[in-house]
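Each residue takes its place number in the sequence, starting with 1. In this text the structure is predicted, and so the values were computed from the model without any measurement.
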Amino acid sequence: METIPNRGARVATISREDMEDLYRVRILLETSAIRESAPLTEEEIAEITVMLDELKEAAMAGDHDRALALHRQYHFRLYGRTESRWLLTLIDLLWKHTERYQRLSLPFRHDAADDEHRTVMDHLAAGDPDGAAEALRNHLETTARLVADAYPPEGD
């Protein structure tokens, strides 16, 4: 959604350049938040594992709305340990602008995304925030690359 001063709002067009910029900033903020999330407790690991199982089930069943909701819950559950209210606010804002790109990536992401999510969680469980941040970077870059490959740059 784009807000145009004195004219209202409209649905923003799909833009590869916009998506790449959004993901670049998401990577900066979300890898910072994930570093502040390690280590996970055994209770958190169990809770997130159930969430990931439900996410995979929804994705495999083609329930995209549920899969996207669980995907968001997973990420924000991990970021929720940061003490920065502003970091979470900015991440939330960027997520709202990338939801359409996430939806576009769904046909490409089932098993690979599940593996990537579990790798992030494994690093956090092991108390390895840098490994978790690198795994998260890989996850976000992969999603952006898959969507970019499906939508050539404007003017092509």
Inset, instruction - Answer yes when Glu30 and Arg137 have at least one side-chain N-carboxylate O distance shorter than 4.0 Å, and no when they do not. - result: no

Legend entry - Heavy-atom check, side chain of Leu88 versus side chain of Thr82, under 4.5 Å: yes

Inset, instruction - Could you tell me whether a side-chain N or O of Ser37 sits under 3.5 Å from a main-chain N or O of Leu78, the two making a donor and an acceptor? - result: yes

Inset, instruction - Measure across Glu36 and Glu83 and return the closest heavy-atom pair with its distance rounded to 0.1 Å. - result: OE1-N, 3.9 Å

Inset, instruction - Please round to the nearest 0.5 Å and tell me the distance separating atom OG of Ser84 and atom CG of Leu29. - result: 9.5 Å

Legend entry - Heavy-atom donor-acceptor pair, Glu44 side chain to Thr41 backbone, under 3.5 Å: yes

Inset, instruction - Classify the angle between the aromatic ring planes of Tyr79 and His75 as parallel (below 30°), tilted (30 to 60°) or perpendicular (above 60°). - result: tilted

Inset, instruction - For Met121 and Leu40, work out which heavy atoms get closest and say how close. - result: CG-CD1, 3.8 Å

Inset, instruction - Hey, could you give me the CG/CG distance between Leu94 and Asp21, rounded to the nearest 0.5 Å? - result: 9.5 Å

Inset, instruction - Identify whether the distance between the nearest side-chain nitrogen and carboxylate oxygen of Glu99 and Arg103 falls below 4.0 Å. - result: no

Inset, instruction - Specify the closest pair of heavy atoms between His139 and Ala113, including all atoms of both residues, with the distance to one decimal. - result: CE1-CB, 4.4 Å

Legend entry - In one Ile/Leu/Val/Met/Phe/Trp/Tyr side-chain cluster, 4.5 Å: Ile91, Leu28: no

Inset, instruction - Decide yes or no for Leu140 and Leu136: does some side-chain heavy atom of the first lie under 4.5 Å from some side-chain heavy atom of the second? - result: yes

Legend entry - Student check: side-chain heavy atoms of Arg77 and Ile48 closer than 4.5 Å: yes

Legend entry - Spatial distance of atom OG1 (Thr143) from atom CG (Leu104) [nearest 0.5 Å]: 11.5 Å

Inset, instruction - Kindly assign one of parallel, tilted or perpendicular to the pair His71 and Trp95, based on the angle between their ring planes and the thresholds 30° and 60°. - result: tilted

Show me the side-chain donor-acceptor pairs of residues 124-134 shorter than 3.5 Å, one per line, residues at least two apart or across chains.
from: Asp128; atom 1: OD1; to: Gly131; atom 2: N; distance (Å): 2.9
from: Asp128; atom 1: OD2; to: His123; atom 2: ND1; distance (Å): 2.9
from: Asp130; atom 1: OD1; to: Arg35; atom 2: NE; distance (Å): 3.1

Inset, instruction - For the pair Arg66 and Glu57, find out whether any cationic side-chain nitrogen is under 4.0 Å from an anionic carboxylate oxygen. - result: no

Inset, instruction - Compare every heavy atom of Ala148 with every heavy atom of Glu20, then report the nearest pair and how far apart it is. - result: OE2-CB, 3.8 Å

Inset, instruction - State plainly whether the residues Arg118 and Asp122 are in salt-bridge range, i.e. N to O under 4.0 Å. - result: no

Inset, instruction - Is it possible for you to say whether Ile34 and Phe76 belong to one hydrophobic cluster, with membership spreading through side-chain heavy-atom contacts below 4.5 Å? - result: yes

Inset, instruction - Decide whether a cation-pi geometry holds between Arg26 and Tyr23; the criteria are a distance under 6.0 Å from NZ or CZ to the six-membered ring centre and an angle within 45° of the ring axis. - result: yes

Inset, instruction - Can you measure from CZ (Arg145) to CG (Asp149) and round to the nearest 0.5 angstrom? - result: 7.0 Å

Legend entry - From CG (Leu22) to CG (Asp18), nearest 0.5 Å: 4.5 Å

Legend entry - Sidechain N-carboxylate O distance under 4.0 Å for Lys56, Asp115: no

Inset, instruction - To the nearest 0.5 Å, tell me how far Asp114 CG sits from Thr119 OG1. - result: 9.0 Å

Inset, instruction - Over all heavy atoms of both residues, which pair between His117 and Tyr74 is shortest? Give the atoms and the distance, please. - result: O-OH, 2.6 Å

